[in-house]
Amino acid sequence: MNLTAIIAFIFVFGVLVTVHEFGHFIAAKKTGVRVREFAIGMGPKLLHWRRNHTTYTIRILPVGGYVRMAGMDETPDLDAGQRVRLVFDAQGVVSTIDTQIDGPGAGVPFQIDSFDLNDALTLTGYREDEPTLTTVQVDHGATIIDQQGIALLIAPRDTWVQSAKVYQRAIINIAGPVMNFVLALIVFCLLGFLQPQVTLNEPIVGTVESGMPAQQAGLRANDHIQAVNGQTMRSWDQLATTISGSAGNKLSLSVKRQGQTKTIKLTPKQVKVDGTTTHLVGITPKTYTDFGARLKYGILATGSTTQRIWYAITHLFSGGFSLNKLGGPVSIAKTTSTVAKAGFLNVLVYMAMLSINLGMMNLIPIPALDGGKLLLNLIEAIWRRPLPENIENAVTVAGAAFMVVLMVAVTINDLLR
């Protein structure tokens, strides 16, 4: 894989995952769940800043990203016996907990004996050079500076995602896949404006090639082919498939021209295209350059791509399931390499298709995927109370284990192929 292909893969994969996570981020913010960190990339941080109660980090590995919502995989931010520095506000309430005790910064040295940053919001311990055990109150919006120097808000229980209402959690879960569809729509609309002209997949003739059956039979530009041998034509793709599969038999075309319907009969010509024998009549689809058509192109391309991917997903088990029907990171990287050689516009098309695929795959009701979480939200809404935590955790772990095993199997299969 050359450098261009590697950059294309990082670009495509990074954008897809970041946009997906951005959907969860926006939904969490709107539903009142505290988003402690929004990371672009993985691994050690390169830089970070905080805005509107969320810390944003850029990390060294430019692939993917994540949203760290309060209550999700929470581990204690502090440890008993740990030494920290505390910054107090005017009311004597802790506003900052700095775990970098040996680094530069202000604050009162404090050794922690016990702490509760979820409910009571207190720290109990010893101030420097004071033998008496002291309990101090921590502000609801206090900052904790971790060992990497990243400043995050603490996570009181009322800001946890688990504390949100079930419909709010459902919105958060579905927002990621929705953003993947939005990304695809934006990319396809952008492609509509980047191309010199666009087609709208209509069965309307654009040009007629001289000397071919269509020209000899009297077809003209702007003719709307409504039916072939009595079969209604709803798209140019359907028309092209019908003609190429005609086996050279005579076709009867119902054509609408200037408000009148005409019948034109012709016989497709057998030709070889890239070594494959097919049948053509010598017509191309109508193209457009206006703003509305370019916008419509993006919408139609998103819809048709969604239909094709939905068909592929729903037919995974038809004719027997096979790992060859799936592709993992290795397959994506290989295809990205091939697409990158064809130019940037093709990379955009591939990214839009992958984005829709990612969105739809995430909606499959498998625990650990967004679709599985939505299913649990639905069960909770019907049952009118949360599922027992042990059951929900067991189901989620089982789903995650299944996905890991499947990913390993797909990756091995990709390498063997």
Decide yes or no for I150 and K45: does some side-chain heavy atom of the first lie under 4.5 Å from some side-chain heavy atom of the second? yes

One pair to check against side chain to side chain contact (heavy atoms under 4.5 Å, CB included): T159 and V33. What are the steps and the verdict? CA-CA 5 Å; T159 67; V33 172; over 6 Å; no

Angle class for the F38/Y56 ring planes (parallel below 30°, perpendicular above 60°, tilted otherwise)? perpendicular

Given side chain to side chain contact (heavy atoms under 4.5 Å, CB included), test L183 with F181 step by step and report yes or no. CA-CA 5 Å; L183 172 64; F181 288 101; over 6 Å; no

Side chain to side chain contact (heavy atoms under 4.5 Å, CB included) evaluation trace for T55 with W49: CA-CA 6 Å; T55 298; W49 66 95; over 6 Å; no

Pairwise distance CZ(F110) to CZ(F88) - rounded to 0.5 angstrom: 7.0 Å

Where do D77 and R36 land on the salt bridge (Lys or Arg N to Asp or Glu O under 4.0 Å) test, with the steps shown first? CA-CA 12 Å; D77 293 311; R36 304 184 72 193; 3.1 Å; yes

Would you indicate whether the side-chain heavy atoms of L123 and L86 approach each other to under 4.5 Å? yes

First locate atom CG of L376, then atom CD of E380, and finally report the distance between them rounded to the nearest 0.5 Å. 8.5 Å

Check: F193 ring centre within less than 6.0 Å of F291 ring centre: yes

Would you call the rings of H20 and H24 parallel, tilted or perpendicular, taking 30° and 60° as the class edges? perpendicular

Partner set under salt bridge (Lys or Arg N to Asp or Glu O under 4.0 Å) for D119, not counting sequence neighbours: R157

Rounded distance (nearest 0.5 Å) linking atom CZ of R127 with atom CG of L133: 12.0 Å

How many angstroms lie between atom NE2 of H53 and atom CG of L152, to the nearest 0.5 angstrom? 14.0 Å

Among all residues two or more places apart in sequence or in another chain, which pass the side-chain hydrogen bond (donor to acceptor under 3.5 Å, both in side chains) test with R234? none

Is there side-chain contact between I145 and I97, with heavy atoms separated by less than 4.5 Å? no

So T99 and Q147, side-chain hydrogen bond (donor to acceptor under 3.5 Å, both in side chains) or not? Walk me through it. CA-CA 6 Å; T99 65; Q147 292 297 317; 3.2 Å; yes

Atom pair CG (L200) and OH (Y288), whose distance is rounded to the nearest 0.5 Å: 5.5 Å

Quick one: does V138's side chain get under 4.5 Å of I154's, heavy atoms only? yes

Can R85 and E128 be said to form a salt bridge (Lys or Arg N to Asp or Glu O under 4.0 Å), step by step? CA-CA 10 Å; R85 282 186 304 203; E128 187 177 41; over 6 Å; no

Please evaluate residues T96 and T143 with respect to the criterion side-chain hydrogen bond (donor to acceptor under 3.5 Å, both in side chains), reporting the C-alpha separation (whole Å), side-chain torsions for both, the decisive distance (0.1 Å), and the verdict. CA-CA 5 Å; T96 302; T143 298; 4.9 Å; no

Separation between CZ of F188 and CD1 of I299, rounded to the nearest 0.5 Å: 12.5 Å

Could you check whether any side-chain heavy atom of I309 comes within less than 4.5 Å of a side-chain heavy atom of T305, counting everything from C-beta outward? yes

For K286, is there an ion pair with D223 - N to carboxylate O distance below 4.0 angstrom? no

